[in-house]
Amino acid sequence: MDDSFVLYSYFRSSASYRVRIALHYKNISFKYSPVHLIQNGGEQYSTEYRKLNPQAQVPCLIHNNKPISQSMAIIQYLEDVCREPALFPNTAYEKALVIQLCELINSGIQPLQNLAVTAELTKNYSFTTEQKNNWIQHWNNLGLSSVEEMLKITAGDFCIGDTITAADCFLIPQIFSAKRFAVDVSKYPTILRICEHAGEVEAFQLAAPERQPDYVP
Ligand SMILES: N[C@@H](CCC(=O)N[C@@H](CS)C(=O)NCC(=O)O)C(=O)O
């Protein structure tokens, strides 16, 4: 059995960033395989990459020569093959809270700022750069204000109490993206407090975009 892990990733991709945090947190070594989302018309559209992920998106994790896409599926898979340290709580309700936060970001925010979506707005709906940025900020603010309200109830040092969970793997990359799109995140003090705590943890440091081999300032 080939037990090696390969992660197809782009340094700026928030969905890839989630998986990088999970891999580092679980101390799983992996080969980093960069997919440049813009160069060469977008390397995610290459025939070779589409064989791994027909949706033409990163991340994609290869384990035992088998591909898995969708960061949620990948992180749950990592939890199954490497239980400790756990990223999902044992109790049913707390686990649901973790997935609730992950999905709020995964389904409710990130898809609306994704490259292919915003490129379509520009190309076929004549959005100006300003309109595109307003669109991205609108959906980030709508989602993040809900996240902030939920976290006021569930958070300790991290999203759910004082233990790192998959919810933190989703939140920190989303805040990285929000800042990149000039969203005013100072409105979200609970989120910022969690980001500060995560910033002290090695797994989050190692997963940061600027630490990746394909990073470009
Ligand atoms: N729900 C997917 C989202 C994946 C996704 O949207 N990836 C983006 C980068 S963060 C991508 O590859 N975009 C390429 C494109 O839009 O062409 C996941 O969690 O893995």
Side-chain angles (χ1 to χ4, degrees), residues 5 7 9-30 32 34 58-59 61 71-72 74-76 78-79 82 84-89 94 97-106 108-110 113-114 136-137 139-217:
F5 288 86
L7 179 67
S9 166
Y10 180 54
F11 74 98
R12 229 182 344 230
S13 148
S14 63
S16 305
Y17 190 176
R18 300 167 190 165
V19 175
R20 298 195 301 257
I21 297 168
L23 285 163
H24 286 297
Y25 186 62
K26 288 180 174 288
N27 230 335
I28 297 171
S29 56
F30 62 97
Y32 188 100
V58 285
L61 182 79
S71 60
M72 193 76 218
I74 297 173
I75 292 174
Q76 286 182 331
L78 292 175
E79 184 84 351
C82 175
E84 297 294 335
L87 280 169
F88 293 91
E94 288 201 331
L97 287 180
V98 168
I99 298 172
Q100 171 181 275
L101 270 169
C102 292
E103 282 302 339
L104 205 164
I105 293 166
N106 189 38
I109 308 179
Q110 188 272 340
Q113 78 191 23
N114 188 34
I136 293 174
Q137 289 172 3
W139 295 111
N140 265 269
N141 278 315
L142 204 71
L144 291 177
S145 51
S146 312
V147 170
E148 175 72 15
E149 287 312 306
M150 287 177 182
L151 290 177
K152 280 184 191 160
I153 299 164
T154 63
D157 284 352
F158 296 100
C159 288
I160 312 294
D162 291 328
T163 307
I164 291 169
T165 66
D168 302 291
C169 301
F170 279 66
L171 179 66
I172 274 50
Q174 188 55 46
I175 299 309
F176 160 78
S177 292
K179 286 181 179 165
R180 188 160 80 84
F181 296 123
V183 173
D184 176 12
V185 293
S186 69
K187 290 181 280 191
Y188 310 117
T190 318
I191 292 178
L192 289 183
R193 191 185 77 221
I194 293 166
C195 288
E196 227 178 275
H197 286 126
E200 291 159 10
V201 178
E202 192 182 27
F204 288 84
Q205 294 165 1
L206 292 171
E210 65 275 15
R211 300 281 293 266
Q212 307 316 306
D214 56 339
Y215 172 71
V216 190

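Here, residue 1 is the first one in the sequence, and each next residue gets the next number.
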Point to revise | Atom pair OG/CG of Ser16 and Leu61 - distance to nearest 0.5 Å | key: 11.0 Å

Check your understanding: Heavy-atom distance under 4.5 Å between the side chains of Phe170 and Gln110, does that happen here?
Key -> no

Revision key, fill the gap. Heavy atoms of Gln212 and Leu206 approach each other most closely as NE2-O, 2.9 Å

Revision key, fill the gap. Nearest heavy-atom approach of Ala166 to Phe88 is CB-CZ, 3.6 Å

**Study point:** Under 3.5 Å: donor-acceptor pair, side chain of Ser146, backbone of Leu142
**Key:** yes

Exercise for review: May I ask you to test the Leu151-Leu101 pair for a side-chain heavy-atom distance under 4.5 Å?
Suggested key: yes

Review point. Is the closest side-chain heavy-atom distance between Tyr188 and Asn141 below 4.5 Å?
Key: yes

Review point. CD of Glu79 to CD of Glu84: how many Å apart, nearest 0.5 Å?
Key: 8.0 Å

Exercise for review: Check for a donor-acceptor pair, side chain of Thr190 on one end and backbone N or O of Glu148 on the other, with a separation under 3.5 Å.
Suggested key: no

Practice item. Heavy atoms only: give me the nearest Ile21-Ala203 pair and the separation to one decimal. Key: O-CB, 4.0 Å

Check your understanding: With a 4.5 Å heavy-atom cut-off, do Arg18 and Ile74 have their side chains touching?
Key -> no

Practice item. Taking atom types as modelled, find out whether Gln137 and Asp184 have a side-chain donor-acceptor pair closer than 3.5 angstrom. Key: no

Exercise for review: Have a look at Val147 and tell me which of Ile194, Leu104, Ile175 forms a side-chain contact (heavy atoms from CB on, under 4.5 Å) with it.
Suggested key: Leu104

Practice item. Keeping the roles fixed (side chain from Asn106, backbone from Cys102), state whether a donor-acceptor pair exists under 3.5 Å. Key: no

Point to revise | Over 12 foreign heavy atoms within 6.0 Å of CD, Glu202 | key: no

Check your understanding: Does the side chain of Phe30 reach to within under 4.5 Å of the side chain of Val19, using non-hydrogen atoms?
Key -> no

Check your understanding: Which atoms form the tightest heavy-atom contact between Asp157 and His197, and what is the distance?
Key -> O-ND1, 3.1 Å

Exercise for review: Using a strict 4.0 Å threshold on nitrogen-to-oxygen distance, state whether Glu196 and Arg193 make a salt bridge.
Suggested key: no

Exercise for review: Using a 4.5 Å cut-off on heavy atoms from C-beta on, say whether the side chain of Pro209 contacts that of Phe176.
Suggested key: yes

Point to revise | Spacing of Glu94 atom CD and Gln100 atom CD [to the nearest 0.5 Å] | key: 12.5 Å

Point to revise | Gap between atom CD1 of Ile136 and atom OG of Ser177 - 0.5 Å precision | key: 9.5 Å

**Study point:** Distance-minimising heavy-atom pair for Tyr10 and Tyr32
**Key:** C-OH, 3.7 Å

Check your understanding: Can you find a heavy atom in the side chain of Asp168 that is under 4.5 Å from one in the side chain of Tyr25?
Key -> no

**Study point:** Whether over 12 other heavy atoms sit under 6.0 Å from Lys187 NZ
**Key:** yes

Revision key, fill the gap. For Leu23 and Leu7, the nearest pair of non-hydrogen atoms, with its separation, is CD1-CD2, 4.0 Å

Review point. Are any side-chain N or O atoms of Gln174 and backbone N or O atoms of Ile109, one a donor and one an acceptor, separated by less than 3.5 Å?
Key: no

Review point. Less than 4.5 Å apart, any side-chain heavy atom of Leu97 and any of Met150?
Key: no

Practice item. May I ask you to decide if Phe11's main-chain N or O and Arg20's side chain share a donor-acceptor pair within less than 3.5 Å? Key: yes

**Study point:** CD1-NZ distance between Ile191 and Lys152, expressed to the nearest 0.5 angstrom
**Key:** 10.0 Å

Check your understanding: SG/Cys159 to CD1/Ile172 distance, rounded to the nearest 0.5 angstrom?
Key -> 6.0 Å

